[in-house]
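A quick write-up on the structure given underneath.
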Amino acid sequence: MAGSVAPVAGPAVPSYVRTPAAAFLSSLGVDRSLVRHDIAGSLAHVEALGAAGLLSPEQVRTLLGGLRAVAREVADGTFPWREELEDVHTNVERRLTELVGPLGGMLQAGRSRNDQVAVDERLYLRAAVAELAAALLALESAILAAAEAEQGSPMPGYTHLQRAQPVTVGHHLLAHFWRFDRDLDRLFATAERSDASPLGAGALAGSTLPLDPERTAHRLGFARAFDNSLDAVSDRDPFAELLFDLALLAVHASGLGEEIVLFATKEFGFLARTASLGSGSSLMPQKRNPDVAELVRAGAGRAIGDLVALLTTLKGLPLAYDRDLQEDKRPVLDAVASVSATVGALSALVPALRFDRERLRSASADPELYAADLAEALAARGVPFREAHETVRATFLASPAGATSGRLEAIAPGGATVVLSTEPEAALARRAVPGGPGPRALEAQLARARARRDARRTSLSSLVRKVEQIEELVNEGTT
Ligand code: ARG
(Lines give C-alpha, C1' and ligand atoms only; values in the text may rest on other atoms or scores of the structure.)
Protein backbone atom coordinates (compact mmCIF):
# COMPACT_ATOMS: atom_id res chain seq x y z
CA MET A 1 0.00 0.00 0.00
CA ALA A 2 2.95 2.28 0.60
CA GLY A 3 3.13 4.98 -2.04
CA SER A 4 -0.20 4.13 -3.71
CA VAL A 5 -3.10 6.20 -2.51
CA ALA A 6 -6.39 4.34 -2.44
CA PRO A 7 -9.83 5.95 -2.92
CA VAL A 8 -10.82 8.05 0.05
CA ALA A 9 -14.12 7.87 1.90
CA GLY A 10 -16.07 11.00 2.73
CA PRO A 11 -15.27 14.68 2.53
CA ALA A 12 -11.75 15.96 3.24
CA VAL A 13 -12.97 17.67 6.38
CA PRO A 14 -15.66 15.60 8.14
CA SER A 15 -18.77 17.44 9.25
CA TYR A 16 -18.11 16.95 12.95
CA VAL A 17 -15.09 19.23 12.81
CA ARG A 18 -16.51 21.71 10.31
CA THR A 19 -17.34 24.96 12.10
CA PRO A 20 -16.44 28.66 11.82
CA ALA A 21 -14.85 28.27 15.28
CA ALA A 22 -12.43 25.58 14.06
CA ALA A 23 -9.28 27.52 14.92
CA PHE A 24 -10.47 28.10 18.48
CA LEU A 25 -11.52 24.50 18.97
CA SER A 26 -8.37 22.98 17.54
CA SER A 27 -6.22 21.01 19.95
CA LEU A 28 -3.76 19.70 17.39
CA GLY A 29 -0.93 21.93 18.57
CA VAL A 30 -1.01 20.16 21.92
CA ASP A 31 -2.40 16.67 21.33
CA ARG A 32 -0.22 15.81 18.34
CA SER A 33 2.44 14.93 20.88
CA LEU A 34 0.18 12.02 21.92
CA VAL A 35 0.15 10.57 18.43
CA ARG A 36 2.03 7.31 19.10
CA HIS A 37 -0.21 6.59 22.06
CA ASP A 38 -3.23 7.38 19.88
CA ILE A 39 -2.08 4.96 17.21
CA ALA A 40 -1.46 2.26 19.85
CA GLY A 41 -5.04 2.67 21.12
CA SER A 42 -6.33 2.43 17.56
CA LEU A 43 -4.35 -0.74 16.88
CA ALA A 44 -5.89 -2.38 19.95
CA HIS A 45 -9.35 -1.18 18.91
CA VAL A 46 -8.98 -2.59 15.39
CA GLU A 47 -8.05 -5.95 16.87
CA ALA A 48 -11.10 -5.73 19.12
CA LEU A 49 -13.34 -5.04 16.13
CA GLY A 50 -11.85 -8.12 14.48
CA ALA A 51 -12.36 -10.23 17.59
CA ALA A 52 -15.99 -9.08 17.68
CA GLY A 53 -16.45 -10.29 14.10
CA LEU A 54 -17.05 -6.79 12.79
CA LEU A 55 -13.97 -6.91 10.55
CA SER A 56 -12.60 -9.85 8.58
CA PRO A 57 -9.03 -10.98 9.34
CA GLU A 58 -8.03 -9.45 6.00
CA GLN A 59 -9.59 -6.11 6.92
CA VAL A 60 -7.90 -6.20 10.31
CA ARG A 61 -4.55 -6.76 8.63
CA THR A 62 -5.15 -3.88 6.23
CA LEU A 63 -6.07 -1.47 9.01
CA LEU A 64 -3.21 -2.52 11.29
CA GLY A 65 -0.77 -2.14 8.38
CA GLY A 66 -2.25 1.26 7.56
CA LEU A 67 -1.96 2.47 11.16
CA ARG A 68 1.65 1.33 11.34
CA ALA A 69 2.36 3.12 8.07
CA VAL A 70 0.90 6.25 9.66
CA ALA A 71 3.21 5.74 12.65
CA ARG A 72 6.20 5.51 10.31
CA GLU A 73 5.19 8.73 8.57
CA VAL A 74 4.96 10.44 11.94
CA ALA A 75 8.37 9.08 12.96
CA ASP A 76 10.13 10.18 9.79
CA GLY A 77 8.41 13.55 9.71
CA THR A 78 6.41 13.04 6.52
CA PHE A 79 2.98 12.83 8.15
CA PRO A 80 0.77 15.53 6.62
CA TRP A 81 -0.61 17.25 9.70
CA ARG A 82 -3.77 19.24 8.96
CA GLU A 83 -4.89 21.93 11.38
CA GLU A 84 -8.41 22.00 9.91
CA LEU A 85 -8.95 18.42 11.17
CA GLU A 86 -8.98 19.74 14.73
CA ASP A 87 -7.07 17.08 16.61
CA VAL A 88 -4.67 14.19 16.47
CA HIS A 89 -7.49 11.61 16.37
CA THR A 90 -9.11 12.92 13.20
CA ASN A 91 -5.71 13.51 11.58
CA VAL A 92 -4.77 9.87 12.07
CA GLU A 93 -8.16 8.54 10.95
CA ARG A 94 -8.11 10.75 7.87
CA ARG A 95 -4.61 9.73 6.86
CA LEU A 96 -5.43 6.07 7.44
CA THR A 97 -8.40 6.44 5.13
CA GLU A 98 -6.20 8.02 2.48
CA LEU A 99 -3.80 5.10 2.76
CA VAL A 100 -6.23 2.17 2.92
CA GLY A 101 -9.41 3.57 1.38
CA PRO A 102 -12.98 3.66 2.75
CA LEU A 103 -12.21 0.80 5.16
CA GLY A 104 -10.39 3.45 7.26
CA GLY A 105 -13.85 4.73 8.11
CA MET A 106 -14.37 1.63 10.29
CA LEU A 107 -11.75 2.81 12.75
CA GLN A 108 -14.18 4.77 14.86
CA ALA A 109 -16.89 2.06 15.03
CA GLY A 110 -17.80 1.62 18.69
CA ARG A 111 -15.38 4.33 19.78
CA SER A 112 -15.56 8.04 20.51
CA ARG A 113 -12.81 10.59 20.79
CA ASN A 114 -13.86 10.73 24.44
CA ASP A 115 -12.69 7.24 25.39
CA GLN A 116 -9.92 7.55 22.81
CA VAL A 117 -8.29 10.62 24.33
CA ALA A 118 -8.65 9.15 27.82
CA VAL A 119 -6.69 6.08 26.66
CA ASP A 120 -4.05 8.24 24.97
CA GLU A 121 -3.58 10.18 28.18
CA ARG A 122 -3.15 7.10 30.33
CA LEU A 123 -0.62 5.64 27.92
CA TYR A 124 1.18 8.98 27.91
CA LEU A 125 1.16 9.08 31.71
CA ARG A 126 2.70 5.61 31.91
CA ALA A 127 5.53 6.61 29.57
CA ALA A 128 6.02 9.97 31.31
CA VAL A 129 6.19 8.33 34.75
CA ALA A 130 8.77 5.85 33.40
CA GLU A 131 10.92 8.72 32.12
CA LEU A 132 10.53 10.82 35.23
CA ALA A 133 11.29 7.83 37.43
CA ALA A 134 14.47 7.09 35.47
CA ALA A 135 15.54 10.71 35.91
CA LEU A 136 14.73 10.63 39.62
CA LEU A 137 16.68 7.41 40.04
CA ALA A 138 19.70 9.09 38.48
CA LEU A 139 19.28 11.95 40.94
CA GLU A 140 18.94 9.51 43.84
CA SER A 141 22.21 7.87 42.77
CA ALA A 142 23.95 11.23 42.51
CA ILE A 143 22.78 12.20 46.00
CA LEU A 144 23.80 8.82 47.39
CA ALA A 145 27.31 9.13 45.95
CA ALA A 146 27.71 12.65 47.35
CA ALA A 147 26.34 11.52 50.72
CA GLU A 148 28.84 8.66 50.82
CA ALA A 149 31.72 10.96 49.98
CA GLU A 150 30.70 13.45 52.68
CA GLN A 151 29.37 10.88 55.12
CA GLY A 152 31.60 11.94 58.00
CA SER A 153 32.01 15.65 57.15
CA PRO A 154 30.50 17.58 60.05
CA MET A 155 28.25 20.52 59.34
CA PRO A 156 25.93 22.58 61.50
CA GLY A 157 22.31 21.49 61.28
CA TYR A 158 19.75 24.29 61.20
CA THR A 159 16.30 25.03 62.50
CA HIS A 160 14.79 28.44 61.68
CA LEU A 161 17.98 28.81 59.61
CA GLN A 162 19.83 29.29 62.90
CA ARG A 163 22.69 26.99 63.88
CA ALA A 164 21.15 24.27 65.99
CA GLN A 165 22.95 20.94 66.41
CA PRO A 166 25.68 19.05 64.58
CA VAL A 167 24.96 16.77 61.65
CA THR A 168 27.08 15.68 58.70
CA VAL A 169 26.91 16.72 55.08
CA GLY A 170 26.09 13.10 54.23
CA HIS A 171 23.18 13.04 56.67
CA HIS A 172 21.90 16.36 55.32
CA LEU A 173 22.10 15.12 51.72
CA LEU A 174 20.29 11.92 52.62
CA ALA A 175 17.39 13.98 53.97
CA HIS A 176 16.95 15.18 50.39
CA PHE A 177 17.29 11.61 49.14
CA TRP A 178 14.29 10.47 51.20
CA ARG A 179 12.15 13.37 49.99
CA PHE A 180 12.86 12.50 46.38
CA ASP A 181 12.30 8.85 47.13
CA ARG A 182 8.78 9.61 48.34
CA ASP A 183 8.26 11.55 45.10
CA LEU A 184 9.29 8.46 43.20
CA ASP A 185 6.93 6.34 45.26
CA ARG A 186 4.06 8.74 44.52
CA LEU A 187 4.76 8.62 40.79
CA PHE A 188 4.67 4.82 40.76
CA ALA A 189 1.47 4.83 42.83
CA THR A 190 -0.11 7.30 40.40
CA ALA A 191 0.77 5.05 37.47
CA GLU A 192 -0.68 2.10 39.35
CA ARG A 193 -3.97 3.85 40.20
CA SER A 194 -4.43 4.98 36.60
CA ASP A 195 -3.84 1.48 35.29
CA ALA A 196 -7.40 1.04 34.00
CA SER A 197 -8.28 1.29 30.32
CA PRO A 198 -11.16 3.62 29.35
CA LEU A 199 -11.41 2.06 25.87
CA GLY A 200 -14.92 0.78 25.22
CA ALA A 201 -16.61 3.50 27.26
CA GLY A 202 -17.45 5.19 23.95
CA ALA A 203 -18.77 8.72 24.18
CA LEU A 204 -20.21 8.04 27.64
CA ALA A 205 -22.45 4.96 27.48
CA GLY A 206 -20.38 2.29 25.77
CA SER A 207 -21.48 0.82 22.48
CA THR A 208 -24.12 -1.50 21.04
CA LEU A 209 -21.33 -3.36 19.26
CA PRO A 210 -20.07 -6.51 21.00
CA LEU A 211 -16.69 -5.09 22.07
CA ASP A 212 -14.67 -6.46 24.96
CA PRO A 213 -13.01 -3.71 27.04
CA GLU A 214 -11.02 -6.27 29.07
CA ARG A 215 -9.43 -7.52 25.90
CA THR A 216 -8.27 -4.11 24.72
CA ALA A 217 -7.17 -3.26 28.26
CA HIS A 218 -4.96 -6.31 28.30
CA ARG A 219 -3.61 -5.64 24.81
CA LEU A 220 -2.52 -2.17 25.93
CA GLY A 221 -0.85 -3.46 29.08
CA PHE A 222 -3.48 -2.12 31.47
CA ALA A 223 -4.21 -4.09 34.61
CA ARG A 224 -7.96 -3.78 34.09
CA ALA A 225 -10.77 -2.10 32.16
CA PHE A 226 -12.98 0.72 33.45
CA ASP A 227 -15.79 0.09 35.95
CA ASN A 228 -18.13 2.86 34.82
CA SER A 229 -18.31 4.34 31.33
CA LEU A 230 -19.29 7.82 32.56
CA ASP A 231 -16.37 7.88 34.96
CA ALA A 232 -14.01 6.45 32.35
CA VAL A 233 -14.44 9.33 29.89
CA SER A 234 -14.35 12.09 32.51
CA ASP A 235 -11.84 10.83 35.07
CA ARG A 236 -8.79 13.08 35.05
CA ASP A 237 -7.54 11.94 38.47
CA PRO A 238 -4.43 10.43 36.86
CA PHE A 239 -3.42 13.83 35.49
CA ALA A 240 -4.37 15.68 38.67
CA GLU A 241 -2.33 13.23 40.73
CA LEU A 242 0.60 13.42 38.36
CA LEU A 243 0.56 17.21 38.60
CA PHE A 244 0.44 17.06 42.38
CA ASP A 245 3.34 14.60 42.41
CA LEU A 246 5.31 16.92 40.15
CA ALA A 247 4.41 20.03 42.12
CA LEU A 248 5.62 18.45 45.36
CA LEU A 249 8.72 17.13 43.64
CA ALA A 250 9.40 20.64 42.34
CA VAL A 251 8.87 22.01 45.85
CA HIS A 252 11.40 19.51 47.19
CA ALA A 253 13.85 20.44 44.43
CA SER A 254 13.35 24.13 45.23
CA GLY A 255 14.39 23.55 48.85
CA LEU A 256 17.60 21.92 47.70
CA GLY A 257 18.11 24.70 45.16
CA GLU A 258 17.68 27.32 47.86
CA GLU A 259 20.26 25.62 50.08
CA ILE A 260 22.77 25.50 47.25
CA VAL A 261 22.21 29.22 46.64
CA LEU A 262 22.68 29.97 50.35
CA PHE A 263 25.63 27.67 50.94
CA ALA A 264 27.46 29.10 47.93
CA THR A 265 27.31 32.64 49.37
CA LYS A 266 30.47 34.08 50.86
CA GLU A 267 28.50 34.45 54.07
CA PHE A 268 28.05 30.68 54.40
CA GLY A 269 30.99 29.63 52.26
CA PHE A 270 30.10 25.93 52.47
CA LEU A 271 30.25 25.41 48.70
CA ALA A 272 32.95 26.46 46.26
CA ARG A 273 31.62 28.78 43.57
CA THR A 274 32.51 26.63 40.57
CA ALA A 275 31.41 26.98 36.95
CA SER A 276 28.99 24.06 37.41
CA LEU A 277 26.79 26.24 39.62
CA GLY A 278 25.92 28.59 36.79
CA SER A 279 27.29 31.48 34.83
CA GLY A 280 28.86 34.85 35.43
CA SER A 281 27.83 38.47 35.17
CA SER A 282 28.21 40.47 31.96
CA LEU A 283 29.19 43.47 34.06
CA MET A 284 30.89 42.26 37.24
CA PRO A 285 33.99 40.23 36.37
CA GLN A 286 34.29 38.63 39.80
CA LYS A 287 30.84 37.03 39.75
CA ARG A 288 29.99 33.34 39.62
CA ASN A 289 26.29 32.96 40.21
CA PRO A 290 24.36 29.86 41.30
CA ASP A 291 21.93 30.19 38.35
CA VAL A 292 21.25 26.47 38.04
CA ALA A 293 20.06 26.25 41.63
CA GLU A 294 18.08 29.47 41.21
CA LEU A 295 16.18 28.10 38.21
CA VAL A 296 15.61 24.83 40.07
CA ARG A 297 14.13 26.94 42.87
CA ALA A 298 11.97 28.90 40.43
CA GLY A 299 10.60 25.78 38.72
CA ALA A 300 8.28 25.09 41.63
CA GLY A 301 6.18 28.13 40.71
CA ARG A 302 5.50 26.73 37.28
CA ALA A 303 4.68 23.22 38.53
CA ILE A 304 2.30 24.53 41.20
CA GLY A 305 0.68 26.78 38.59
CA ASP A 306 0.11 23.78 36.32
CA LEU A 307 -1.55 21.84 39.15
CA VAL A 308 -3.81 24.75 40.02
CA ALA A 309 -4.69 25.23 36.34
CA LEU A 310 -5.90 21.66 35.99
CA LEU A 311 -7.81 21.49 39.28
CA THR A 312 -9.54 24.76 38.45
CA THR A 313 -10.54 23.42 35.04
CA LEU A 314 -11.96 20.25 36.60
CA LYS A 315 -13.86 21.98 39.38
CA GLY A 316 -17.64 21.84 38.98
CA LEU A 317 -17.69 19.89 35.71
CA PRO A 318 -20.82 17.81 35.29
CA LEU A 319 -20.53 14.22 34.09
CA ALA A 320 -19.50 12.98 31.68
CA TYR A 321 -17.20 14.40 29.00
CA ASP A 322 -17.06 18.21 28.73
CA ARG A 323 -14.92 20.03 26.21
CA ASP A 324 -13.22 21.79 29.12
CA LEU A 325 -11.29 18.55 29.52
CA GLN A 326 -9.35 19.38 26.37
CA GLU A 327 -7.47 21.91 28.48
CA ASP A 328 -6.01 19.13 30.65
CA LYS A 329 -3.05 18.34 28.43
CA ARG A 330 -1.21 21.64 28.28
CA PRO A 331 -0.40 21.90 32.03
CA VAL A 332 0.59 18.24 32.18
CA LEU A 333 2.95 18.43 29.20
CA ASP A 334 4.39 21.65 30.61
CA ALA A 335 4.97 20.28 34.10
CA VAL A 336 6.46 17.02 32.82
CA ALA A 337 8.91 18.94 30.61
CA SER A 338 9.85 21.49 33.24
CA VAL A 339 10.19 19.07 36.16
CA SER A 340 12.20 16.63 34.02
CA ALA A 341 14.55 19.47 33.16
CA THR A 342 14.84 20.38 36.84
CA VAL A 343 15.64 16.83 37.88
CA GLY A 344 18.19 16.51 35.06
CA ALA A 345 19.87 19.77 36.07
CA LEU A 346 20.09 18.66 39.70
CA SER A 347 21.54 15.28 38.70
CA ALA A 348 24.34 17.11 36.92
CA LEU A 349 24.79 19.69 39.68
CA VAL A 350 24.93 17.42 42.73
CA PRO A 351 28.09 15.50 41.66
CA ALA A 352 29.75 18.84 40.87
CA LEU A 353 29.20 20.33 44.34
CA ARG A 354 32.50 21.02 46.09
CA PHE A 355 32.02 21.19 49.84
CA ASP A 356 34.51 23.29 51.81
CA ARG A 357 35.18 20.77 54.57
CA GLU A 358 37.43 23.13 56.56
CA ARG A 359 34.82 25.81 56.65
CA LEU A 360 32.04 23.35 57.46
CA ARG A 361 34.11 21.82 60.24
CA SER A 362 34.96 25.13 61.87
CA ALA A 363 31.30 26.17 61.70
CA SER A 364 30.49 22.83 63.37
CA ALA A 365 32.91 23.50 66.20
CA ASP A 366 30.71 26.37 67.41
CA PRO A 367 30.13 25.53 71.11
CA GLU A 368 26.53 26.70 70.88
CA LEU A 369 25.76 23.61 68.81
CA TYR A 370 26.51 21.50 71.89
CA ALA A 371 24.38 23.32 74.45
CA ALA A 372 21.60 20.74 74.20
CA ASP A 373 24.16 17.91 74.52
CA LEU A 374 25.33 19.46 77.77
CA ALA A 375 21.78 19.73 79.11
CA GLU A 376 21.23 16.10 78.15
CA ALA A 377 24.45 15.10 79.93
CA LEU A 378 23.05 16.68 83.09
CA ALA A 379 19.71 14.95 82.56
CA ALA A 380 21.57 11.65 82.23
CA ARG A 381 22.96 12.32 85.71
CA GLY A 382 19.49 12.82 87.14
CA VAL A 383 18.95 16.57 86.75
CA PRO A 384 15.37 17.18 85.57
CA PHE A 385 15.79 18.24 81.96
CA ARG A 386 13.90 21.52 82.42
CA GLU A 387 16.33 22.46 85.20
CA ALA A 388 19.34 21.39 83.13
CA HIS A 389 18.04 23.48 80.22
CA GLU A 390 17.89 26.59 82.45
CA THR A 391 21.36 25.95 83.88
CA VAL A 392 22.99 25.54 80.49
CA ARG A 393 21.16 28.55 79.10
CA ALA A 394 22.47 30.66 82.00
CA THR A 395 26.00 29.38 81.35
CA PHE A 396 25.77 30.34 77.69
CA LEU A 397 24.33 33.77 78.46
CA ALA A 398 27.12 34.43 80.92
CA SER A 399 29.78 33.35 78.45
CA PRO A 400 28.38 33.49 74.91
CA ALA A 401 31.57 32.36 73.23
CA GLY A 402 31.25 29.05 75.05
CA ALA A 403 34.17 29.71 77.39
CA THR A 404 37.11 27.41 76.75
CA SER A 405 37.45 26.15 73.22
CA GLY A 406 36.96 22.49 72.61
CA ARG A 407 35.04 21.73 75.81
CA LEU A 408 31.91 22.62 77.71
CA GLU A 409 31.42 22.29 81.42
CA ALA A 410 28.54 22.20 83.86
CA ILE A 411 28.20 21.29 87.50
CA ALA A 412 26.14 18.19 88.19
CA PRO A 413 24.21 17.65 91.45
CA GLY A 414 26.64 16.74 94.21
CA GLY A 415 29.22 19.11 92.74
CA ALA A 416 30.78 16.87 90.08
CA THR A 417 31.80 18.66 86.89
CA VAL A 418 30.36 17.39 83.63
CA VAL A 419 32.78 17.98 80.76
CA LEU A 420 31.75 17.63 77.16
CA SER A 421 33.96 17.80 74.08
CA THR A 422 32.83 20.16 71.33
CA GLU A 423 34.88 18.25 68.77
CA PRO A 424 32.27 17.69 66.05
CA GLU A 425 33.39 14.08 65.52
CA ALA A 426 33.11 13.36 69.24
CA ALA A 427 29.69 14.97 69.35
CA LEU A 428 28.53 12.91 66.39
CA ALA A 429 29.86 9.73 67.98
CA ARG A 430 27.64 10.46 71.00
CA ARG A 431 24.59 10.10 68.76
CA ALA A 432 23.51 6.51 68.38
CA VAL A 433 19.84 7.10 67.57
CA PRO A 434 18.82 5.14 64.45
CA GLY A 435 18.15 7.55 61.61
CA GLY A 436 20.38 10.13 63.27
CA PRO A 437 23.70 11.63 62.13
CA GLY A 438 25.98 9.39 64.26
CA PRO A 439 28.49 7.39 62.22
CA ARG A 440 27.00 3.92 62.78
CA ALA A 441 23.44 5.11 62.29
CA LEU A 442 24.48 6.91 59.13
CA GLU A 443 26.16 3.80 57.79
CA ALA A 444 22.90 1.91 58.33
CA GLN A 445 20.90 4.69 56.75
CA LEU A 446 23.12 4.67 53.68
CA ALA A 447 22.60 0.93 53.35
CA ARG A 448 18.83 1.41 53.55
CA ALA A 449 18.94 4.18 50.96
CA ARG A 450 20.98 2.02 48.57
CA ALA A 451 18.58 -0.88 49.00
CA ARG A 452 15.64 1.43 48.40
CA ARG A 453 17.21 2.81 45.24
CA ASP A 454 17.78 -0.72 43.97
CA ALA A 455 14.19 -1.74 44.73
CA ARG A 456 12.95 1.31 42.82
CA ARG A 457 15.01 0.16 39.84
CA THR A 458 13.04 -3.08 39.85
CA SER A 459 9.71 -1.22 39.95
CA LEU A 460 10.90 0.94 37.08
CA SER A 461 11.84 -2.02 34.92
CA SER A 462 8.35 -3.49 35.16
CA LEU A 463 6.87 -0.15 34.12
CA VAL A 464 9.38 0.14 31.28
CA ARG A 465 8.31 -3.30 30.04
CA LYS A 466 4.74 -1.99 29.69
CA VAL A 467 5.98 1.07 27.80
CA GLU A 468 7.96 -1.21 25.49
CA GLN A 469 4.87 -3.37 24.94
CA ILE A 470 3.20 -0.30 23.40
CA GLU A 471 6.25 0.45 21.24
CA GLU A 472 6.21 -3.15 20.01
CA LEU A 473 2.49 -2.92 19.22
CA VAL A 474 3.10 0.19 17.12
CA ASN A 475 6.25 -1.16 15.44
CA GLU A 476 5.08 -4.74 14.86
CA GLY A 477 5.69 -5.90 11.33
CA THR A 478 8.31 -3.22 10.80
CA THR A 479 12.03 -3.48 11.25
N1 ARG B 1 -9.65 17.23 21.76
C2 ARG B 1 -10.52 16.58 22.68
C3 ARG B 1 -9.88 16.52 24.07
O4 ARG B 1 -8.73 16.62 24.15
C5 ARG B 1 -10.81 15.20 22.21
C6 ARG B 1 -12.15 14.74 22.60
C7 ARG B 1 -13.16 15.54 21.83
N8 ARG B 1 -14.46 15.07 22.07
C9 ARG B 1 -15.55 15.75 21.65
N10 ARG B 1 -16.69 15.23 21.89
N11 ARG B 1 -15.46 16.85 20.97
O12 ARG B 1 -10.55 16.35 25.04
Side-chain angles (χ1 to χ4, degrees), residues 10-11 13-42 44-45 67 70 74 79 81-96 105 107-128 194 196-207 213 216 220 226 228-243 306 309-337:
V13 178
S15 64
Y16 70 89
V17 292
R18 235 182 293 136
T19 157
F24 182 64
L25 297 183
S26 174
S27 57
L28 188 62
V30 174
D31 61 25
R32 60 185 276 177
S33 60
L34 303 181
V35 62
R36 284 185 79 78
H37 307 298
D38 194 73
I39 291 170
S42 290
H45 183 60
L67 284 165
V70 170
V74 169
F79 184 86
W81 292 105
R82 278 164 283 201
E83 193 67 42
E84 68 277 16
L85 294 182
E86 192 175 292
D87 55 30
V88 64
H89 322 295
T90 304
N91 264 274
V92 169
E93 184 190 320
R94 187 73 214 160
R95 184 64 187 147
L96 174 68
L107 183 63
Q108 212 63 354
R111 188 173 67 160
S112 152
R113 285 179 296 165
N114 298 354
D115 57 344
Q116 186 175 2
V117 74
V119 172
D120 295 4
E121 290 181 349
R122 278 162 180 72
L123 292 176
Y124 163 82
L125 181 141
R126 183 193 291 166
S194 69
S197 171
L199 201 56
L204 76 165
S207 167
T216 45
L220 292 171
F226 61 91
N228 178 303
S229 61
L230 295 171
D231 184 38
V233 295
S234 59
D235 174 18
R236 292 299 181 271
D237 292 5
F239 270 8
E241 280 192 39
L242 177 62
L243 282 174
D306 287 326
L310 179 65
L311 289 177
T312 310
T313 299
L314 296 179
K315 182 197 166 291
L317 288 185
L319 289 170
Y321 178 84
D322 299 284
R323 191 62 179 264
D324 310 53
L325 293 175
Q326 177 165 298
E327 287 297 309
D328 64 349
K329 287 169 271 313
R330 201 187 300 272
V332 171
L333 294 172
D334 183 68
V336 167

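In listed order, ligands and their atoms are each counted from 1.
- With sequence neighbours excluded, the residues satisfying salt bridge (charged side-chain N to carboxylate O under 4.0 Å, His left out) with Arg122 are Asp235.
- Contact check for Trp81 versus Val35: side-chain heavy atoms found under the 4.5 Å cut-off.
- Partners of Tyr16 by side chain to side chain contact (heavy atoms under 4.5 Å, CB included), not counting sequence neighbours, listed by chain and number: Pro14, Thr90, Glu93, Arg113.
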side-chain contact (heavy atoms from CB on, under 4.5 Å) between Gln326 and Leu25, worked out: CA-CA 9 Å; Gln326 177 165 298; Leu25 297 183; 5.6 Å; no
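- With hydrogens and angles disregarded, no donor-acceptor distance shorter than 3.5 Å links the side chain of Asp115 to the backbone of Leu199.
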Dump the pairs for me: ligand 1 N or O, protein N or O, distance under 3.5 Å, to 0.1 Å.
from: ligand 1; atom 1: 1 (N); to: Ser27; atom 2: OG; distance (Å): 3.3
from: ligand 1; atom 1: 1 (N); to: Gln326; atom 2: OE1; distance (Å): 2.8
from: ligand 1; atom 1: 4 (O); to: Lys329; atom 2: NZ; distance (Å): 2.6
from: ligand 1; atom 1: 8 (N); to: Asn114; atom 2: OD1; distance (Å): 2.9
from: ligand 1; atom 1: 10 (N); to: Asn114; atom 2: OD1; distance (Å): 3.3
from: ligand 1; atom 1: 11 (N); to: Arg113; atom 2: NH2; distance (Å): 3.4
from: ligand 1; atom 1: 12 (O); to: Tyr321; atom 2: OH; distance (Å): 2.5

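- Sorted pairs that involve residues 18-34 and meet salt bridge (charged side-chain N to carboxylate O under 4.0 Å, His left out), not counting sequence neighbours, are lacking altogether.
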